[in-house]
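Reminder, nothing fancy here: chain letters follow the sequence lines and each chain counts from 1. Worth saying up front: this structure is predicted, and the values here are computed from it rather than measured.
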Number of protein chains: 2
Amino acid sequence: MYPDGYTPPILTVDSVIFQLDGTVLSVLLIQRSKEPFKGAWALPGGYNAIGETTKEAMTRVLKAKGGIATKDLGLIEQLYTFDTVARDPRGHAVSVTYMGLGKNLEPKLNSTTQNPRFFPVTELPDLAYDHGEIIKYAHERLQAKITYTNAIFALLPKKFTLSQLQTAYEAVLCHELDKRNFRKKFLSLELIETTNELNKDGAHRPARLYCFRNPGLETLVRSFD
Amino acid sequence: MYPDGYTPPILTVDSVIFQLDGTVLSVLLIQRSKEPFKGAWALPGGYNAIGETTKEAMTRVLKAKGGIATKDLGLIEQLYTFDTVARDPRGHAVSVTYMGLGKNLEPKLNSTTQNPRFFPVTELPDLAYDHGEIIKYAHERLQAKITYTNAIFALLPKKFTLSQLQTAYEAVLCHELDKRNFRKKFLSLELIETTNELNKDGAHRPARLYCFRNPGLETLVRSFD
DNA sequence: ACAAAAGTGTTAAGAATACACCCATGT
DNA sequence: ACATGGGTGTATTCTTAACACTTTTGT
């Protein structure tokens with residue numbers, strides 16, 4: 001099977017799935033059904049077997065344990081590979097982590113899902129393994145990513161108001177932005193354009209809807225914030 | 001050994017070691033002594049066995065095949081994990097890659113080194129596997145890294161002139177910078193301070209030597225370039 | 001009429017860019 | 001004296017940051 005005398009460590013994948021819930025950034029967690037850390041909350045993750053890419057394993061595991069289909073995510077990115085020998089009490093496991101961004105995700109429950117639920121990043125329960133560290137790392141990466149790319153699109157509906165856009169930035173960055181400066185700056189980047197539709201949703205002036213010019217990830221000409 | 005019916009892929013590590021040779025950025029390659037790709041140039045890399053962290057494996061392999069001690073590197077960073085199932089013709093291998101930065105590295109040859117040599121990044125030979133892609137990725141990461149951190153320190157001697165510093169930036173970024181603007185900007189970041197020593201090295205005015213205030217990696221207050 | 005969010009401009013400070021000459025040394 | 005790289009300043013443009021009121025709608 002393997003070359004002479006070589007035995008590899010276990011390979012696992014873990015996913016950090018973010019979405020916006022109202023004005024806060026949330027992350028998908030599952031509740032472990034087995035030891036170790038039985039009953040504790042954790043990132044959806046599992047084994048990566050030979051013949052399967054890490055992304056395939058991530059897709060399979062995310063569906064099975066978290067009830068989320070990878071194709072419903074707007075952006076997926078490999079984050080980091082965690083491999084402290086001691087991180088899994090069962091033995092040496094190397095975990096390749098991915099970050100996924102989506103919107104209005106609703107875990108579809110089935111016989112293998114493990115109580116998937118979105119938690120605000122500011123109110124996380126106690127977490128299994130080193131998953132708290134992984135989420136922190138993912139959040140920092142996301143904060144950086146939205147300042148030099150248009151990655152925010154993956155957290156928003158196709159058509160959105162400037163207020164929604166600003167709220168998304170504020171949710172990820174965890175601080176407030178000045179409305180006039182935000183709009184001026186963002187519009188000057190020429191990433192979005194107005195549709196001529198209006199969003200009438202309350203007892204106030206309707207808001208214009210915008211959409212991104214290009215569907216994919218782009219690097220900004222001037223970084224943001 | 002493993003949980004029920006689970007067999008992991010092979011785990012390998014590969015290192016992209018950069019240093020400056022005069023005014024160009026160079027990368028360490030070895031010449032493969034076995035199939036596949038026998039005789040071709042490649043990044044120093046090898047198996048990562050159970051019980052060994054990826055960083056430990058990287059250290060061991062870099063010494064064995066490349067003749068370079070990890071402790072001689074000024075900065076080491078995990079880059080990305082490459083795992084296209086087809087990337088290694090022998091079968092499914094997942095490679096965790098690291099980037100290392102050093103200065104005046106001289107491979108120490110021994111019975112296991114495989115003809116290690118530094119090649120300018122602009123003049124690479126044909127490379128085994130997907131190592132050309134990996135080097136390109138590492139180079140881009142390094143370019144980004146020196147614009148928002150003081151990572152350049154790892155490519156320079158402890159004391160250096162502003163011209164050496166500028167040359168290092170130019171070598172990594174592959175484009176020229178304006179001398180006056182470079183100096184004004186870099187000094188305003190307050191990362192370096194003057195020693196009162198001079199570098200007398202030729203038939204011209206001696207240059208002041210500077211050093212970094214802090215020994216470790218720092219994020220810049222304003223990003224560079 | 002009131003509540004609620006949408007939308008809008010100006011000024012001042014700071015940062016980036018473009019650009020050319022004198023200085024100190026060795027030969 | 002000349003060749004070589006070291007060292008320096010200013011003017012212009014662009015970017016950021018601070019800041020408050022009017023508009024449009026539903027109730």
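Side-chain polar atoms of Asp225(B) and Thr147(B) form no donor-acceptor pair below 3.5 angstrom.
Here the range on DNA chain D touched by chain A, meaning any atom under 4.0 Å from one of its heavy atoms, is dT15(D) to dG26(D).
Sorted by first then second residue, the ring-ring contact (aromatic ring centres under 6.0 Å, His included) pairs that include residues 152-183 of chain A, not counting sequence neighbours, are Phe160(A)-Phe212(A), Tyr169(A)-Phe182(A), Tyr169(A)-Phe186(A), Tyr169(A)-Phe224(A), Phe182(A)-Phe186(A), Phe182(A)-Phe224(A). Among residues at least two apart or in separate chains, salt bridge (Lys or Arg N to Asp or Glu O under 4.0 Å) pairs with a member in residues 144-161 of chain B are Glu77(B)-Lys145(B), Lys159(B)-Glu197(B). The stretch residues 125-149 of chain B participates, sequence neighbours left out, in these ring-ring contact (aromatic ring centres under 6.0 Å, His included) pairs: Phe37(B)-Tyr129(B), Tyr80(B)-Tyr137(B), Tyr129(B)-His131(B). Within the structure, the ring-ring contact (aromatic ring centres under 6.0 Å, His included) test picks out the following pairs touching residues 95-124 of chain B (sequence neighbours left out): Trp41(B)-Phe119(B).
For Arg180(B), there are no salt bridge (charged side-chain N to carboxylate O under 4.0 Å, His left out) partners two or more places apart in sequence or in a different chain. Annotation: side chain to side chain contact (heavy atoms under 4.5 Å, CB included) contacts of Lys179(B) (sequence neighbours excluded): Gln166(B), Arg183(B). Looking at residues two or more places apart in sequence or on another chain, you find no side chain to side chain contact (heavy atoms under 4.5 Å, CB included) involving Glu106(B).
Computed from coordinates, the Glu176(B) CD to dA18(C) C1' distance equals 15 Å when rounded to whole Å. When the P atom of dG14(C) is taken as reference, atom NZ of Lys185(B) falls 16 Å away, rounded to whole Å.
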Report task. Sugar-phosphate atoms are those with a prime plus P, OP1 and OP2; base atoms are the rest. Using that split, label each nucleotide of nucleotides 3-10 of chain C B, S or - for protein heavy atoms under 4.0 Å, 5' to 3'. Result -> BBBBBBBB
